[in-house]
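Lettering follows sequence order; numbering is per chain, from 1.
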Amino acid sequence: MTPLTPDESRPLSEAIKQGNAKEQTTLKMTQISACINKKNITIIVFSLKLSIPSFTSTTIPINRHFSLESFQETCPNNYQHPKPMLKSTSRHQQQQTMVSLVKSSTHKPHLLQIQAHLTRSSLLQNPKFSLLFLSSLCSSRDLRYARLFFSQIKNPSSSHYNTLIRAYSSSNSPKEAFILYREMRQKGLKPDPISFSFVIKSCVKFRSVFCGLQVHGRIIRDGFLSDCLLLTTLMEFYSSFASREDACKVFDEMSQKDTVAWNVLISCYLRNGRTRDVLMLFDNMKNEGVCEPDDVTCLLVTQACANLGALEFGEKVHRYIKERDYGTARNLSNSLISMYSRCGCLDKAYDVFKGIGEKNVISWSAMISGLAMNGFGRDAILAFEEMRRTGVIPDEQTFTGLLSACSHCGLVNEGMEFLNQMSKEFGIMPNVHHYGCVVDLLGRAGLLEQAYRVIISMKVKPDATIWRTLLGACRIHGHFTLGEHVIEHLIELKAQEAGDYVLLLNIYSSTGNWEKVSELRKFLKEKGIQTTPGCSSIELKGIVHEFIVDDVSHPQKHEIYNKLDEINKQLKIAGYVAETTSELHDLGAEEKANALSYHSEKLALAFGVLVTRPGTTLRVTKNLRICIDCHNFAKFLSGVYNRQLIIRDRTRFHHFRDGHCSCNDYW
DNA sequence: TTAGGGTTAG
C-alpha cells in the first residue's frame with residue numbers, strides 16, 4: 001500500500017474498478033470519479049440506475065493509504081447502492097460534490113442529468129454556486145453546456161460574464177468572447193482589467209484589428225492604463241497585426257516594465273523582421289539592470305542570432321544561458337543547435353546536441369537539418385539511422401531535414417527512397433516542403449523533366465517557392481523554354497517577384513540570348529518592377545556590418561574599396577577569372593568585370609580581410625543566392641589570403657578553405 | 001472555487 005499523490009487520481013478510479021470481479025459487477029452501472037485537491041481526495045460514485053442523478057462521495061486525506069476496504073469503511077452504507085445524497089447531506093456538501101463531479105466528468109449524459117437536476121433544484125438561485133458551477137462547466141472542452149447553463153442564470157453578474165469570456169477567448173470560437181463583452185457593457189456591467197485582457201486575446205485570435213482598437217479605446221476611457229499585464233496583452237495584440245510602432249508606443253507608456261513586457265517587445269521585433277534590434281534590446285536589458293533576461297528572452301534572442309548568422313552574439317547568449325543555469329532546458333538547447341548550425345558552426349551545434357540528456361525528435365531533427373545545410377548529407381543520414389536506433393519516431397520536419405540533406409549532396413536515389421519511405425513506413429504524407437526538396441534534388445541533378453512531373457503529380461497544391469526552385473534549376477542548366485513555362489505558373493499564382501525575372505534574365509544571358517534579355521529588361525522597366533538589391537552582412541567582434549551592392553555608406557568605404565581592388569589584382573595573379581554570365585547587362589567583357597566587382601558579398605569579404613589576420617574565419621550572410629563569380633572569388637580568396645570563409649546565402653552554406661569549396665562545386 | 005501577459009524549441 002503506497003500513499004497517494006495527485007498524479008494518481010486516474011489510476012485510482014481504475015483501481016476501484018479493478019478491485020475484484022464482484023466489485024466490478026456491483027459497479028457496472030456506476031461511474032466513479034476521483035477528484036483531488038492539495039489535501040484531500042474526493043471519490044464520487046455516480047449511479048446510472050436511478051432516474052434522477054444520485055451519488056455518494058467520500059473524502060479521504062491525501063496522506064492516508066488507500067484501499068477498497070478503506071473506501072468502503074468511510075461510506076459503508078452508500079457504497080453498494082448509492083442513494084440520492086442531495087436530500088440527506090448539507091447544502092455545502094451538495095455543492096462540493098456537484099462541482100467535483102462536473103470537474104471529473106467528461107461524460108455528456110452525466111452533465112445533462114446534473115444540469116436538469118440543477119434547473120429543478122433551488123441551487124441555481126445561489127449566485128455563488130452558479131458561478132462555481134459555471135466555471136466547472138467552462139473547464140470542459142465543449143462550451144455548449146456552459147453556454148446553456150449561463151442562459152438559465154437570471155441576472156448574470158460581471159463575474160459570470162468574465163468566466164465565460166475567459167473560456168471563449170481560448171476556445172475555437174473566440175468571437176463569442178467579444179460578443180459577450182459587448183453584451184455585458186450594454187447591460188451596464190463593467191469589465192475589469194482581467195476580462196479586458198481576455199477580450200484582447202480573443203481579438204487576436206479571431207483576427208480583428210477593428211474590435212481590438214475599440215477595446216483599447218475603452219481601456220483608456222476606463223482608466224486601466226496603469227495595469228502592466230493588460231498593456232502587455234495590448235502590445236501582443238499590436239505585434240500580431242504587424243503594428244510594431246504601436247506596440248512600441250504601448251511599451252513606452254508602461255510605467256513599470258517587467259521581463260515579460262520586454263520579451264513581448266523582443267518577440268515583436270523578431271516577428272516584424274527587425275532582427276538586429278533584438279540584439280540591441282538584449283544588451284539594453286542587461287545593461288539597464290532593471291530586468292534580467294530570462295529563459296524566454298534567451299530563446300528569442302537565440303532565434304534572432306540564427307536569422308542573422310550572428311555567431312559571436314549567439315555565443316554571448318550561450319554563455320549567459322550557462323551562467324544563469326538555463327542550460328538544462330531542452331527547448332533552449334534545441335534552439336542553440338539550430339543557431340550554431342545556421343551560423344555554419346557545426347562543431348558547436350554538435351557539442352550542444354551531445355550535452356542533451358534525453359534527445360527528442362526536435363533535438364534530432366535540428367541536428368539532421370544542421371548537418372544537411374552545412375553540406376554533410378551522408379552524416380545527416382547516419383544521424384537519422386542512429387535516431388531510429390534510439391527509438392525516437394521521426395516526424396514531418398525530420399524528413400524535411402533528411403530530404404534537404406539529399407538535395408544538398410546530390411543523393412538522388414537516397415532522396416527518392418526517403419520520399420517513398422516516409423508515407424509507407426511512418427504514415428507521413430509528403431508536404432510542399434518535402435516535395436520542394438525533391439524538386440531541388442532532381443533539378444540540380446539535371447533531371448528537369450522529372451522534377452516538373454513531380455510538381456504536376458503531387459497531391460498538394462504547388463506554391464510559388466516550389467516553382468521558384470525549379471526556376472533555379474533551369475538557371476543552372478540553362479533551360480530557357482522550361483524557365484519561361486515556370487514563370488507562367490508563377491504569374492498564374494500572382495506570385496511572380498522581381499527575383500524570378502532576374503533568374504529568367506540570367507538564363508537568357510547565360511545562353512547568350514541577348515535579344516530576349518533586352519526584351520525582358522524593357523518589360524521590367526515598363527512594369528516598374530524593381531529588383532531586390534543584394535545585401536550581405538558580416539559579423540566582426542560582435543558587431544554586424546551590412547553591405548548592399550555598390551555600397552558607399554560604410555565609414556571605412558575608401559579602405560574597403562582600395563582593399564577590394566588589391567584583392568582583385570592578387571586573385572587574378574592566382575588564376576581567378578571573372579565569370580560574367582550571371583550579370584544582367586549586355587556589356588563588354590571589361591565592363592562586366594567591373595560591374596561584378598562590387599557585389600555586396602565582395603564588399604563584406606574585403607572588409608573582413610581588411611580588419612582580420614590570416615587564419616581567421618569570416619562568416620558572411622547574403623539575402624539572395626551567391627552568384628557563380630562571387631563563389632569563385634571566395635574560393636580563390638580563401639587560399640590567397642588564408643581565411644576560412646563560411647558564406648550563407650538564400651539556399652545554403654558554402655564553406656571555403658585553402659582555395660577549395662567543401663561542396664567542390666558551385667552548386 | 002472568476003482570476004491575466006510572452007516562447008511556433010527543429
Side-chain angles (χ1 to χ4, degrees), chain A residues 35 37 92 95-96 98-100 102-103 127-139 146 156-167 169-170 191-201 204 224 227-237 239-240 247 250-251 254 257-268 270-271 293-303 306 326 329-342 349 352-353 356 359-373 387 394-402 404 433:
Chain A
C35 206
N37 61 25
H92 177 72
Q95 292 178 358
Q96 282 283 333
M98 286 293 233
V99 170
S100 306
V102 173
K103 276 187 179 166
K128 210 171 165 186
F129 176 70
S130 64
L131 187 57
L132 272 175
F133 193 69
L134 181 66
S135 89
S136 301
L137 286 173
C138 283
S139 60
S157 66
S158 54
S159 302
H160 287 110
Y161 272 104
N162 292 347
T163 307
L164 205 56
I165 286 173
R166 173 184 164 267
S169 71
S170 53
D192 60 7
I194 298 175
S195 43
F196 267 127
S197 76
F198 286 128
V199 179
I200 290 287
K201 219 171 123 181
V204 174
F224 290 132
D227 191 313
C228 167
L229 271 69
L230 179 56
L231 291 189
T232 312
T233 320
L234 268 173
M235 278 174 66
E236 172 57 20
F237 162 74
S239 163
S240 77
V250 176
F251 182 77
M254 284 167 85
K257 303 166 174 77
D258 65 5
T259 305
V260 180
W262 278 92
N263 287 349
V264 177
L265 187 74
I266 287 175
S267 121
C268 174
L270 192 60
R271 209 184 303 182
D294 67 0
D295 52 338
V296 177
T297 323
C298 294
L299 194 68
L300 294 165
V301 180
T302 314
Q303 286 170 39
Y326 298 144
R330 193 165 54 185
N331 58 351
L332 272 175
S333 296
N334 292 343
S335 192
L336 282 169
I337 296 174
S338 169
M339 186 273 287
Y340 279 127
S341 302
R342 292 177 66 191
V352 177
F353 177 75
I356 301 176
K359 300 167 184 68
N360 63 3
V361 64
I362 298 170
S363 326
W364 281 101
S365 305
M367 198 63 240
I368 289 170
S369 303
L371 286 162
M373 73 178 75
M387 167 190 156
D395 68 5
E396 282 194 351
Q397 300 213 40
T398 320
F399 279 102
T400 309
L402 262 181
S404 79
H433 303 291

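For A:K201, a side-chain nitrogen or oxygen approaches OP1 or OP2 of B:dG5 to under 4.0 Å. Side-chain N/O atoms of A:R342 include none lying less than 4.0 angstrom from OP1 or OP2 on B:dG10.
Atom P of B:dG6 sits at a distance of 23 Å from the matching atom of B:dT2, rounded to the whole Å. Comparing the C1' positions of B:dG5 and B:dT1 gives an interatomic distance of 23 Å, to the nearest angstrom. With C1' as the reference atom, B:dT7 and B:dA3 are 22 Å apart, rounded to whole Å.
Counting to the nearest Å, the P atom of B:dG10 and the OH atom of A:Y340 are 16 Å from each other. Rounding to whole angstrom units, CD of residue A:E396 and C1' of B:dT8 are separated by 14 Å. Separating the CD atom of A:Q303 from the P atom of B:dA9 is a distance of 7 Å, rounded to the nearest angstrom. Taking atom CG of residue A:L230 and atom C1' of nucleotide B:dG5, one finds them 9 Å apart after rounding to whole Å. Here B:dG10 presents its C1' atom at 14 Å from CH2 of A:W364, a figure rounded to the nearest Å. Regarding A:I165, its CD1 atom lies at a distance of 13 Å from the C1' atom of B:dA3, rounded to whole Å. Nucleotide B:dG6 holds its P atom 10 Å from the CZ atom of A:F198, rounded to whole Å. Atom CZ of A:F196 is separated from atom C1' of B:dT2 by 16 Å (rounded to the nearest Å).
The side chain to side chain contact (heavy atoms under 4.5 Å, CB included) check on A:T232 picks up A:C228, A:M254, A:V260, A:A261, A:V264, with sequence neighbours excluded. For A:Y326, the ring pair (Phe, Tyr, Trp, His ring centres under 6.0 Å) test picks out no residue, with sequence neighbours left out.
When each of B:dA3, B:dT2, B:dG5 is scored by its nearest atom to the side-chain atoms of A:L229, the top-ranked nucleotide is B:dG5. For A:L299, counting side-chain heavy atoms from C-beta on, the closest listed nucleotide (B:dT7, B:dG5, B:dG10) is B:dT7. Here B:dT7 is the nucleotide among B:dG10, B:dT7, B:dG4 with the atom lying nearest to any side-chain atom of A:E236. The side chain of A:V264 approaches B:dG6 more closely than any other nucleotide in the set B:dA9, B:dT2, B:dG6. The listed nucleotides are B:dG10, B:dG4, B:dA3; the one nearest the side chain of A:D192 is B:dA3. The side chain of A:V296 lies closest to B:dT7 when the candidates are B:dT7, B:dG10, B:dA9. Looking at the side chain of A:P193, the nearest of the listed nucleotides B:dG6, B:dA9, B:dG4 is B:dG4. The side chain of A:V260 sits closest to B:dG6 out of B:dG4, B:dA9, B:dG6.
Between the side chains of A:S363 and A:N360, at least one donor-acceptor pair of N or O atoms lies under 3.5 Å.
You'll find a donor-acceptor pair under 3.5 Å spanning the side chain of A:T232 and the base of B:dG5, going by distance alone. Remark: the A:D258 side chain and the B:dG5 base include a donor-acceptor N/O pair separated by less than 3.5 Å. Remark: the A:D294 side chain and the B:dG6 base include a donor-acceptor N/O pair separated by less than 3.5 Å.
Not a single donor-acceptor pair under 3.5 Å links the side chain of A:N331 to the backbone N or O of A:N334. Of the possible polar contacts, one joining the A:S365 side chain to the A:V361 backbone as a donor-acceptor pair under 3.5 Å is found.
Among the protein residues, A:L300 comes within range of the sugar-phosphate backbone only, with heavy atoms under 4.0 Å from sugar or phosphate atoms but none that close to a base. Residue-level contact check: A:S341 touches neither bases nor backbone, having no heavy atom under 4.0 Å from any strand. At a threshold of 4.0 angstrom between heavy atoms, the contacts of A:T233 are confined to the sugar-phosphate backbone, with no base atom among them. Looking at heavy-atom distances under 4.0 Å, A:D295 makes no contact with the nucleic acid at all. Within the 4.0 angstrom heavy-atom criterion, no nucleotide atom of any strand lies near A:A329. Using a 4.0 Å heavy-atom distance criterion, A:C138 is classed as making no nucleic acid contact.
Atom CG of A:L299 sits about 5.0 Å away from atom CD of A:Q303, to the nearest 0.5 Å.
A:I266 is not listed as a side-chain neighbour of A:V296, based on a closest heavy-atom distance of 4.5 Å or more.
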